[in-house]
Every structure is written in C-alpha cells, then in structure tokens.
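Report on the following structure.
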Amino acid sequence: MSRPRDGGQASLFKGDDSETVTITGAIDRVTFQSDESHFVIFRLIEDETERPITAKGDLAFAGIGEHVTLNGRWHHDPKWGHQFQFRSARASAPTTREGLVKYLSSGLVEGIGLSFAKKLVDHFGENLLSIVEKNPERLREVGGIGKKRQTQVVEALTTQRDRRDALVALYGLGLTPAHSAQIIKKHGDNAVTQARQAPYQLAQEVRGIGFLTADRIASKAGIAHDSPERARAGLEHFLRECSLQGDTIVPKNELLSRAAAGLQVDEDIVRDALMSARLTGLVEQELYGEDEYIGLPELLDAERIITREIRRLMNAEARLVPKIDALEALEWVKDRTGVVLTQQQHEAVAMVLEHPVCVITGGPGVGKTTVLRSLVEILERNNVTLALSAPTGRAAKRLEETTGRPAKTLHRLLEIIPGTTRFRRHNKAPLDKSVIIVDESSMLDVPMASRLLSAVPPGGTLCLVGDKDQLPSIGPGAVLRDVLESGVINAVELTEIFRQAESSAIVRNAHLVHDGELPEMRPAPKKAQRGDGDFFFIERGDAQATVDTIVKLVSQRIPSAYGLDPIQDIQVLAPMHKGLAGTVNLNAQLQRCFLKLPEEQTVFVERGKQRFTVGDKVMQLKNDYDREVFNGDLGVIEAISKEAHSLTVRFPEASHTYIKKDIDALSLAYAASIHKSQGSEFPAVVIPILNAHYVMLKRNLLYTGMTRAKQLVVLVGQRSAVEKAVLNDAMHHRGTTLGVRLNAALNQGASDQAEEGKRDS
C-alpha cells in the first residue's frame, strides 16, 4: 500500500494503521534506549525497500547493525510522521559486511572503532562471526590484534550471541523484553534454565511477574499442572490475594478449598503443599481455639511487633511526658484561646496526658480537631516534644492546616531510605519526640503500624486519632478496629456534634447514614450559588444520564456556582471501577471534556487502556519508595515526552518523571474509587450511586465518600440505590490476629502484675 510521507513525498508502507504486519531490516541508528524499561526507538534500513524507517517498541539489548524481525503496526504521529510500532521483535546477528562493520564499531567491543572494524571485515568477510565462534585464534591473522584484544572481541561477541539466544528462548516462554532482560541480568548464563526449572521463583525476583505470569511460563516449560512447586506457589498467591482484601490470616480449610479450586487440582495436593510450605517457612500456621489458620510470616510478624511494642510502651517504668494537671491545663487553654471543651473532649485530653497508648475516635463535627489543638498548646507549654503525622500527604497537610504546626507523612516521619522499603527510624534509632499523634489512623495497615510503633521512643506516647466507622485501610489488617475491640487500650469516642457543625448538611447527613437513616436528599437548584446549601441529590434514571450530569456538574455548574477549580477542588468518587458510571469511563469522559486541544491534535502517552496528556489529574496507585510518592497521592501531569514514552507529574512535594515501565503505577484521577479517597479531603465531592453498583452499596462506603467533602456533596443517581447502601450494614470482617494478641498479652501482663503484688504483700 502506498501512502504519502510528510512533505508530500511518496514512500511504501505495507499495511494501514489497523493491520498487523511483519518487516525485517538492520538497525542503522539507535535514537533512544531505556536501560530500565527497554523501550527503544531506532532507525531501521528495511530489507525490501532499502529505505530508512523509524521503529519503536520494547527490545532488550538492541545493537546497531543487528538484523531484526518486527511484528506490529504503522502509526502516524502528528509530530514525527509515520513510525512502525512493534509488539514483538526478534534480533539476529548481522549478515552483511556493512552490518558487521556497524555492529563491531558501535561500542560493543572496547577499543574497536570504525577503521579496525573495517579491517576485520575486509579480512574475514561475512564469515567473521562464525570464525570467532569456531576458530577464535584466527583473529590474530589481522595486524594489530594481540592476545588481549582477541579475548575482548571473542568475549563481547559471545556475550551478545548468548543474550540473543537467551532472549529468543525467554520470549518463547511468553516473557516480555523487559522481564527477560531482568532475568538475564540476575541469572546470567543460567537465565533460561532458571526460567524453565523455577518459574515460580521469578514472581519473587522480578518486578511485574506475578503468579499468573509464572504459571503460564511453567506451563510452556512443561511443568506438571499438579506439581508440588505449583501448588506451593499457588497457596502463597491465594494468601497474598487475601491480604489484598485486608486479611492477615485465613482459616486453613477455606484456604485449602479456595486454592484447590483456583489451581484446579485435588485438595490433597494442596494439603501436601501446605505442609511443605510450613516446613520451609513460606507460610505459618496458628491455632485459635479449635480452629487452624494460615498466614504470611511477614504479616503475622507485623502483628506480633505491634503487640510487643504496645506492651513495651504501656509497661514503661518512666514516661517522657511529665505529670500535667489536666484541669489546670484546660483552664489555661480556655483563658488563652477562649475554647471551652465538652466533657468528652476533656476526657480525651486527660487520657493522652496520662496514658502512653490511646485512641481518640469519632465522626465528623464532633471536635477531634479542637482536642488536637488543645493538646498541642498544652504539650508545648510544658516543653514536651511532639510529632504530628498522617498516612497520606493530603491528610498530613490538612493536619498541619488545622493545628498550625508542622505535620509529616508517616514515611517522612520515619525517614524512609530512598530506593528501599527500610526506614532510618526504628527500635534502635527511635524518634526524638516524646509524643507522636497520628491522624486518619483508620488508614494504618499492619506493616506500617509495626514500623511506627517500633520507632516510638522508650517512655514515649502514641495517640491514634481517627474515625472507626470509615472504610478500613487499603493494606492488610484492621489496626484501629483491632486496637479498639481488644478492650485493653484506653480510648475516648467523641459523639457530641457541635452546634456550628450541625448547620452543615454534610455533617448531619453523614451521621444519619452512620446511624442507618436516609440522608436529607434535597434536590439541587437549577442555578445554585454559595449559601444555597452543601448537600444535594440529583435523581437520574440510568447510568448514561448520571455520567452526563456528572460531567456537566464538574466542568460547569459547580465551578460557576461555588468558584471552585474543576480539577484541583472537585473530586468524583465512585463505588466501582467498571461500568458506565465507574471510574474508568468517568475518567475517560472527564479527560475528553478538559482537553485543551482537539483530540486529534493532543499528544498522549498510552499505557494499557489509559491515555495520559499534559494537564491530566493522576493518582499514584502504589507506594514508590524511590520517588517518595505513595498510594493515593494526587498530582497533575506537567510534561510529556512522546519519543521517550515518559511523563512528568507535579505532586505537592515535588515533580517526578515516569518512564514507560513505571506509568502502570499511575491512573487518571478525575474520578477515583471511594476506597482510594481515604485520608483525603476535597472542597467538593460528587458521588454516582446506582443500583448497578449493588455489589458495593454499603453503609460505610457511602459514609466514607460523604465525609471526604469539606464544602459540598452531590449524590447523582437513583434514590433506591441510596436506600440500599444505607440499609446494608454488612462488612467484610477482616481476618486478623492483632486484637486477640493484644488482649492476651496485656491481660496476661495485668495478671502477672497482680500476682507479683500478692507475693510482695
């Protein structure tokens, strides 16, 4: 098929933009190559036409002069013209004199430049590589090659040949170029053997390879479907899947039946694999009553550490907080600020001054912030050093704004070591603060809580603040719930709604939903403005009408009526990702609405089914310890490099560039799931709520979404869906051991002390 090139010249391009075709040729020049993602852009001299074309895609260890076979599609880039975007590639050694010269002089062999490469090729011709492999000593026939240079040439060419052979074998097992390169880098000459004989180990070693990928590799490598190693790996996979649902421990029988069904093998095979996994320390088994439970060692260890550290703090002989008379201190605060605390708030302040580990909980509008401000004033007056922290950047920023004191994320408080998952603050190098207050502690998972507690200094105080009725942490465990339900940690629940908070329909309706009552679903006025209210319900009969309304609300009506920025200040929070009114489609519709240029003129970077462009609101989906950007952090794309397939995101703390392999950690965030909004607060929140969301229509989900808003909540959808959510108080009760451990450890400690007192008397 013939098509015009830019500038009106004609060129031969086989296939149109929708056809998958194969082209072959020699790499003439490498324009861009990422050592991390192995995304490469190069100029190829096509065999059939002998014309240069630009090709881009994933190709590990691309070398100038190498011959490649590419499968992919032609793509027209508005800026760079026609390019060939390949999906798969296979490289082979060069076969022509010109290709050999380029290959040898490309820097592949140290000390061999263009003139010497020509000398070698002139002497041996196209047989050069065969001679290197079979009769390497013949290289010394060429003047200027001694034993050292001969060794360099042979080693370099042999290494490149072995890499090519390994890549072909690994590609054949279904591995991507990036994954293949990582395996070769780690295992060298044994890469293919390792992939074939121990594919499930790759899931532990190579980022991006999970059990399902390893299982496909194992199948292609001929590993039996019912092999012990597959069953062991499958068990661990199912435990990790459970941890993603929040469980730290799973009933043994449930795990066996789920794993057997998922792996499609007999349960006896899984039972034998479980015994082997226990013996090798891959999993742990614990007995509670007559029931057996299985958990991942790192999660059970985290719960043990939390228990041990809480007991350490509660049994400390001396405290870093001096004796402070709470009544006198609160009178001083009253005189200083004019704030009069309720009895519940008074109890909360007194508790923190008296007890080394405690919890302040309560819903919106009950005065948690007032308690924190009073505490800060009292502690500072008594020269007590204090650290304020929260799990996310947005929550820490809000804590800083409400207290007027510096606040840090937990990762920054504990001083994460860049490029690792380790922290500089721990039990041997504790924090240099006497009191640590953590807000939004419903977000604490067990790994983070264990690190935090280990870093509290001897004699220090830890106060957890949060709403126990929010959704639990995204990570495994239910720390706040377990600490409260253990019954051995001092806690105060604030329940009295303040008069000024009662004037907010957001607060009133949040408490109504919390108590299982329908919110006041006032319809939104056609031309709303400030002062008209802060909570509205817009009824729509179906998903498409709901989406259309939300797009108009976010882009026009709310910004116009309330003077809010549509991207920075308004957040759509959806119960689900899928469906017309799910986050995926809502993001696509809102992105299209906010494009600064027509779609055909906009430069995008594509990753999977998502497209990103400058100005897009994005969310980090997992902790990135290198960049110090964490799960749930929001940013805006400020630059894109189409050629390098990279983008730069401006987060509140700093800007960071993401190359191709890292872009999977980002998602468009015009709309986000309610789960991902934990710890955040937005000026305005818009929530689609439809019967199609029935799987997720639960009271705590709606309550959490509503309480993320500071100035405005708009529900859009079906009244019956709101009713279903309010009436459904069912929650997934996470499988954890922390509450049981705390109860046993601290009650035993109290019994030991009582027994010791009897002996002393």
Side-chain angles (χ1 to χ4, degrees), residues 244 246 360-361 364 368-369 372 387-403 405-416 421 423 425 436-452 455 462-480 568-569 571-573 583 617-636 649-656 665-683 685 700-701 704-710:
L244 293 176
I360 300 171
T361 186
K368 295 191 295 292
T369 297
L372 290 181
L388 297 173
S389 188
T392 67
R394 293 181 74 91
K397 183 179 180 182
R398 193 169 72 253
L399 181 60
E400 187 169 291
E401 290 170 350
T402 56
T403 61
R405 305 298 190 278
K408 296 180 179 180
T409 63
L410 287 170
H411 289 89
R412 290 189 172 88
L413 177 70
L414 299 179
E415 299 176 21
I416 190 165
T421 57
F423 296 86
R425 296 294 185 174
I436 294 96
I437 296 175
V438 180
D439 198 12
E440 295 289 354
S441 56
S442 61
M443 298 181 68
L444 269 178
D445 58 27
V446 291
M448 196 68 221
S450 68
R451 294 180 174 109
L452 168 65
L462 175 66
C463 176
L464 301 179
V465 182
D467 185 346
K468 64 181 178 61
D469 296 309
Q470 295 281 349
L471 290 169
S473 59
I474 294 174
V479 175
L480 185 62
Q568 298 290 344
D569 298 333
Q571 184 62 54
V572 178
L573 296 177
T583 61
K617 182 178 182 178
V618 293
M619 177 183 284
Q620 179 78 18
L621 297 179
K622 55 188 176 183
N623 291 340
D624 187 325
Y625 298 98
D626 293 336
R627 295 180 176 87
E628 293 189 48
V629 179
F630 303 105
N631 193 348
D633 284 356
L634 292 171
V636 175
V649 182
R650 184 180 71 256
F651 291 99
E653 299 287 339
S655 294
H656 298 282
L666 296 173
S667 173
L668 290 173
Y670 300 102
S673 70
I674 295 175
H675 281 86
K676 285 288 187 181
S677 72
Q678 289 171 262
S680 297
E681 187 177 71
F682 309 95
V685 163
N700 65 340
L701 187 87
T704 300
M706 289 166 56
T707 55
R708 297 307 88 202
K710 189 175 182 180

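What's counted below: heavy atoms across the whole structure, side chains too, no hydrogens, waters or symmetry copies.
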Between Gln678 and Ser442, does the side-chain hydrogen bond (donor to acceptor under 3.5 Å, both in side chains) criterion hold? Intermediate values first, please.
CA-CA 9 Å; Gln678 289 171 262; Ser442 61; 5.0 Å; no

How close do Arg451 and Phe423 get, heavy atom to heavy atom, and via which atoms?
CD-CE1, 3.1 Å

Identify the heavy atoms of Ile437 and Val465 that sit nearest to each other, and give their distance.
CG2-CG2, 4.0 Å

Tightest non-hydrogen contact, residues Thr409 and Ala396, listed as N-CB, 3.9 Å

CD1 of Ile416 to OG1 of Thr421, rounded to nearest 0.5 Å, is 7.0 Å

Say whether, by atom type as modelled, one donor and one acceptor occur between the side chain of Thr704 and the main chain of Leu471 under 3.5 angstrom.
yes

Do you know the tightest heavy-atom contact between Val479 and Ala449?
CG2-CB, 3.9 Å

Spell out, as yes or no, whether a donor-acceptor pair under 3.5 Å connects the side chain of Ser389 to the backbone of Leu410.
yes

Leu666 backbone acceptor or donor facing Gln620 side chain under 3.5 Å:
no

Taking side chain as C-beta onward, heavy atoms only, is Leu621 less than 4.5 Å from Lys676?
yes

Measure the CG-CD distance between Asp439 and Glu400 for me, rounded to the nearest 0.5 Å.
12.5 Å

Rounded distance [0.5 Å steps], CD1 in Ile436 versus CG in Leu464:
10.5 Å

Got His656 and Glu628 here, is their nearest side-chain heavy-atom distance under 4.5 Å?
no

Side-chain (Asn623) to main-chain (Asn631) donor-acceptor, under 3.5 angstrom:
yes

Atom pair CG/OG1 of Leu372 and Thr403 - distance to nearest 0.5 Å:
7.5 Å

For Arg425 and Glu415, indicate whether the former's side chain and the latter's backbone hold a donor-acceptor pair under 3.5 Å.
no

Ignoring hydrogens, what is the shortest heavy-atom contact between Gly393 and Asp633? Give both atom names and the distance.
N-OD1, 3.9 Å

Please tell me if the side chains of Val438 and Leu462 come closer than 4.5 Å, counting only heavy atoms from C-beta onward.
yes

Donor-acceptor contact below 3.5 Å, side chain Ser677 vs main chain Ser680:
no

Over 60° means perpendicular and under 30° means parallel, so tell me whether His411 and Phe630 are parallel, tilted or perpendicular.
parallel

When you compare the side chain of Lys710 with that of Val685, does any pair of heavy atoms fall below 4.5 Å?
no

Quick one: pull up CG in Leu414 and CG in Leu452 and give me the separation to the nearest 0.5 Å.
6.0 Å

Partners passing side chain to side chain contact (heavy atoms under 4.5 Å, CB included) against Thr392 (at least two apart in sequence or in another chain):
Arg394, Ala395, Met443

With a 4.5 Å limit on heavy-atom distance, are the side chains of Gln470 and Arg708 in contact?
yes

Distance from Met619 atom CE to Tyr670 atom OH, nearest 0.5 Å?
13.5 Å

Please name all residues satisfying side chain to side chain contact (heavy atoms under 4.5 Å, CB included) with Glu653, sequence neighbours left out, ordered by chain then number.
Arg412

Gly466 and Thr361: which non-hydrogen atoms are nearest, and at how many Å?
O-OG1, 2.8 Å

Are Pro364 and Asp467 close enough that some pair of their side-chain heavy atoms sits under 4.5 Å apart?
yes

